[in-house]
Protein chains: 2
Amino acid sequence: MMEQYVKILKEHAIKITPQRLEVLKYLDTHRNHPTAYEIYEALKKDNPSLSKTTVYNSLEVLQRHDIIHSLTISGSELRYDFRTEVHHHFLCRKCGKIIDIDVGCPYMDEFLNGGHRVEEVHGYFKGICKECLKKKGE
Amino acid sequence: MMEQYVKILKEHAIKITPQRLEVLKYLDTHRNHPTAYEIYEALKKDNPSLSKTTVYNSLEVLQRHDIIHSLTISGSELRYDFRTEVHHHFLCRKCGKIIDIDVGCPYMDEFLNGGHRVEEVHGYFKGICKECLKKKGE
DNA sequence: TATAAAATTGTAATAGTTACAAATTTGTAA
DNA sequence: TTACAAATTTGTAACTATTACAATTTTATA
């Protein structure tokens, strides 16, 4: 159940706590780019004494070790993502959904010709998603 | 002096006010992706009665008419950009500077194969800029 | 099992942004 | 040019996401 998450934390020499395991598990099993608040609300059901600060702290430590990523796509709040290969994101203005765009830009390296050291790449697209376009037409 | 900005607002049928003209001029002449607060602080010098809300309102209307864009690159506050052709941005974690990356990704359209209608494209890179890398070595 | 270091909790503070009502300004038409 | 309705500006207060901090609890280790 939790062994896989224990393993991840151990590999990164992060102290193991139930809260961190739950946050990590939640992100692994909910790939819809939740906010810190959504994670907090969900985990509070099984652990009513959970603190919002703990969720933020857990997200921070997981992010620092590159186990998860945060997205700044919305501009008002951060979204969190279980780390996978580089991919991009589409934000639908209508329904608010954030959809994975599973293509890396093959020309990405060209952007780096300025001599900067690039550690993160974010591709954000915004518009109206396929489903909302369909609804509109009906 | 201001004629060019008057012209832009007229073309978009936006009511002309000194505040909007100043905000637009500021963004045209300061291409360093300032925050709303930075714009407010700068313009207050010549117009002490300027309200922060007015800056936000002006930015909102200019953005709605696609005259300026906002960047969510930092995650904590919005940055504003006088509209130009599609280009990307690099945020230096060390000095905080946001640098223009003047290359469009030629494979951008491929991302859209999901059938979504894309209205905005943001490419954000984060790392250490050339200048900060140089300083470190010294 | 004892202990030091680190994490969790709860509350309060902070930062960026938005809501709102009163006063002022804008564009238009007589 | 003047008058007026509609829109904008202003100032203050509210709101939301996030961070700071001190007291308590838990973790990893010996």
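For clarity, every value in this text was computed on a predicted model and none was experimentally measured. To find a chain, count down the sequence lines: A is the first, B the second, and so on, and within it residues start at 1.
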Interatomic distance where CG belongs to A:Leu62 and P belongs to C:dT8 [whole Å]: 10 Å

Side-chain donor-acceptor pairs of residues 36-44 of chain A under 3.5 Å, sequence neighbours excluded:
residue	atom	partner	partner atom	Å
A:Tyr37	OH	A:Glu41	OE2	3.1
A:Glu38	OE1	A:Thr35	N	3.0
A:Glu41	OE2	A:Lys44	NZ	3.4

Report the hydrophobic cluster partners of B:Leu91, with the cluster defined as I, L, V, M, F, W, Y residues connected by side-chain heavy atoms closer than 4.5 angstrom, directly or transitively. A:Leu71, A:Ile73, A:Leu91, A:Ile98, A:Tyr124, B:Leu71, B:Ile73, B:Ile98, B:Tyr124

Below 4.0 angstrom, N of the basic side chain to O of the carboxylate: do A:Lys7 and A:Glu11 qualify? yes

Set out, line by line, the N/O atom pairs under 3.5 Å between protein and nucleotides 21-26 of chain C.
residue	atom	partner	partner atom	Å
C:dT26	O3'	B:Ile16	O	3.3

Could you pick out which residue, B:Pro48 or A:Thr35, lies toward the 5' side of DNA chain D when each is mapped onto its nearest nucleotide? B:Pro48

By nearest-heavy-atom nucleotide on DNA chain D, the more 5' of B:Asn47 and A:Lys52 is B:Asn47

May I ask you to test the B:Leu62-B:Leu9 pair for a side-chain heavy-atom distance under 4.5 Å? yes

Would B:Tyr56 and B:Leu78 show up in the same hydrophobic cluster when neighbours are defined by side-chain heavy atoms closer than 4.5 Å? no

Between D:dT27 atom C1' and A:Leu21 atom CG, what is the distance in whole Å? 12 Å

Give me the atom names and distance for the closest heavy-atom approach of B:His88 to B:Val86. CE1-CG1, 4.2 Å

Considering heavy-atom distances to DNA chain C, does B:Ile14 or B:Ser76 have its closest nucleotide positioned more toward the 5' end? B:Ser76

